[in-house]
Amino acid sequence: MKHLFKAELNWTSNKPQDAISKVYSKNHQIKIEGKPDLDISAAKAFKGDPSLYNPEDLLLSSLVSCHMMSYLYVCSQNGIEIVEYSDNAEATLEVNADGSGQFVEVRLYPKIKISNSDQIQLALELHQKANQLCFIANSCNFPVLHEASCGV
């Protein structure tokens with residue numbers, strides 16, 4: 001089964017921000033039908049507006065969100081009641097001398113509270129299954145690692 005997702009990008013500035021350095025504005029807008037528009041820029045390190053989301057933020061956010069949803073699914077399949085779920089994920093981006101770059105690793109740090117202390121070990125093990133099911137992680141060419149903790 002295939003699903004199609006669509007996004008429209010609009011870049012409204014075509015003049016350099018700074019006529020001397022010829023640096024163009026990186027600010028733009030993404031529209032997805034039926035949803036609020038996303039105002040996006042480059043990361044501050046790449047001369048973007050630091051008050052806006054950037055593609056790197058969105059990639060990491062997608063991984064964190066997809067992992068959580070996959071995890072909630074596998075826990076429901078295994079009779080584990082999740083009480084709380086939080087994460088403080090990190091992504092490592094390496095930029096090459098020629099200006100190209102790539103993410104080399106993402107680390108998720110999910111902290112889970114469950115209702116039954118007898119299921120802590122299983123709850124921890126299910127992160128691997130969630131990673132195998134995560135659409136976004138399966139689409140990445142870098143490792144997505146998990147350092148989970150679980151309690152009641």
Side-chain angles (χ1 to χ4, degrees), residues 1-11 24-152:
M1 176 181 349
K2 290 186 180 183
H3 298 274
L4 179 64
F5 294 87
K6 295 182 178 184
E8 175 187 336
L9 182 142
N10 290 300
W11 182 61
Y24 285 90
S25 169
K26 308 280 176 74
N27 297 5
H28 58 284
Q29 195 170 69
I30 298 285
K31 296 179 183 233
I32 298 172
E33 188 176 330
K35 299 176 184 178
D37 296 344
L38 286 172
D39 292 316
I40 300 173
S41 189
K44 182 180 178 181
F46 308 114
K47 300 184 177 18
D49 182 340
S51 70
L52 299 179
Y53 293 108
N54 59 63
E56 295 82 7
D57 292 334
L58 297 174
L59 177 71
L60 179 58
S61 298
S62 295
L63 278 164
V64 171
S65 180
C66 188
H67 181 80
M68 183 205 66
M69 288 186 280
S70 297
Y71 185 74
L72 294 176
Y73 170 75
V74 296
C75 283
S76 70
Q77 297 295 302
N78 284 273
I80 296 176
E81 181 184 349
I82 305 294
V83 177
E84 291 180 15
Y85 186 109
S86 63
D87 200 331
N88 288 298
E90 299 175 344
T92 303
L93 175 72
E94 289 185 357
V95 179
N96 303 314
D98 66 0
S100 67
Q102 63 280 331
F103 281 98
V104 295
E105 173 181 280
V106 165
R107 286 192 180 268
L108 305 181
Y109 297 95
K111 293 182 182 175
I112 295 89
K113 284 189 180 178
I114 62 174
S115 62
N116 183 348
S117 62
D118 293 336
Q119 296 176 309
I120 288 176
Q121 187 59 41
L122 177 58
L124 288 168
E125 292 169 1
L126 288 175
H127 283 284
Q128 183 62 35
K129 180 67 175 172
N131 188 61
Q132 292 170 355
L133 295 177
C134 177
F135 305 145
I136 306 302
N138 285 331
S139 302
C140 296
N141 66 352
F142 51 83
V144 178
L145 307 171
H146 309 90
E147 296 182 32
S149 62
C150 183
V152 289

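The analysis underlying the following values was restricted to heavy atoms, covering all of them including side chains, and did not include hydrogens, waters or symmetry mates.
- Separating the CD atom in Gln121 from the CG atom in Leu126 is a distance of 10.0 Å, to the nearest 0.5 Å.
- Heavy atoms only, all atoms of each residue included: Glu56 and Ala43 are closest at OE1-CB, 4.0 Å.
- Heavy atoms of other residues, nucleotides or ligands lying less than 6.0 angstrom from CZ of Phe142 number more than 12.
- Under the 4.5 Å side-chain criterion, counting only non-hydrogen atoms from C-beta, Gln77 is in contact with Tyr73.
- Remark: Asn96 CG is packed, more than 12 non-hydrogen atoms of other residues, nucleotides or ligands lying under 6.0 Å away.
- Taking each heavy atom of Val144 and Ala137 in turn, the nearest pair found is CG2-CB, 4.2 Å.
- The environment of CD in Glu33 is sparse: at most 12 heavy-atom neighbours from other residues, nucleotides or ligands sit within 6.0 Å.
- Of the inter-residue distances, the one linking Asp87 atom CG with Lys111 atom NZ reads 9.5 Å to the nearest 0.5 angstrom.
- Evaluated for a side chain to side chain donor-acceptor pair (under 3.5 Å) with His127, the options Gln132, His67, Glu147, His146 yield exactly one hit, His67.
- For the atom pair CG (Leu133) and CG (Asn138), the distance works out to 8.0 Å, reported to the nearest 0.5 Å.
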Take Phe46 and Val95, measure what side chain to side chain contact (heavy atoms under 4.5 Å, CB included) needs, and give me the verdict at the end. CA-CA 11 Å; Phe46 308 114; Val95 179; 3.8 Å; yes
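- Between Ser100 and Asp98, the shortest heavy-atom distance links the atoms OG-OD1, 2.6 Å.
- Ile40 and Pro55 get closest at one heavy-atom pair: CG2-CD, 4.0 Å.
- No side-chain donor-acceptor contact under 3.5 Å links Asp57 and Ser61.
- Between Ile30 and Ala7 the shortest heavy-atom distance is CG2-CB, 4.0 Å.
- Scanning both residues, Ala123 and Cys150, for their nearest heavy atoms gives CB-SG, 3.8 Å.
- Residues Val106 and Leu60 form a side-chain contact, since some pair of their non-hydrogen atoms from C-beta on lies under 4.5 Å apart.
- Here Ser51 contributes atom OG and Lys44 contributes atom NZ; the two are 11.0 Å apart, rounded to the nearest 0.5 Å.
- Here the CG atom belonging to Leu59 is positioned 5.0 Å from the CZ atom belonging to Phe103, to the nearest 0.5 angstrom.
- For the atom pair NZ (Lys31) and CG (Asn10), the distance works out to 5.5 Å, reported to the nearest 0.5 Å.
- In this structure, the side chains of Ile80 and Asn116 stay at 4.5 Å or more apart for every pair of heavy atoms.
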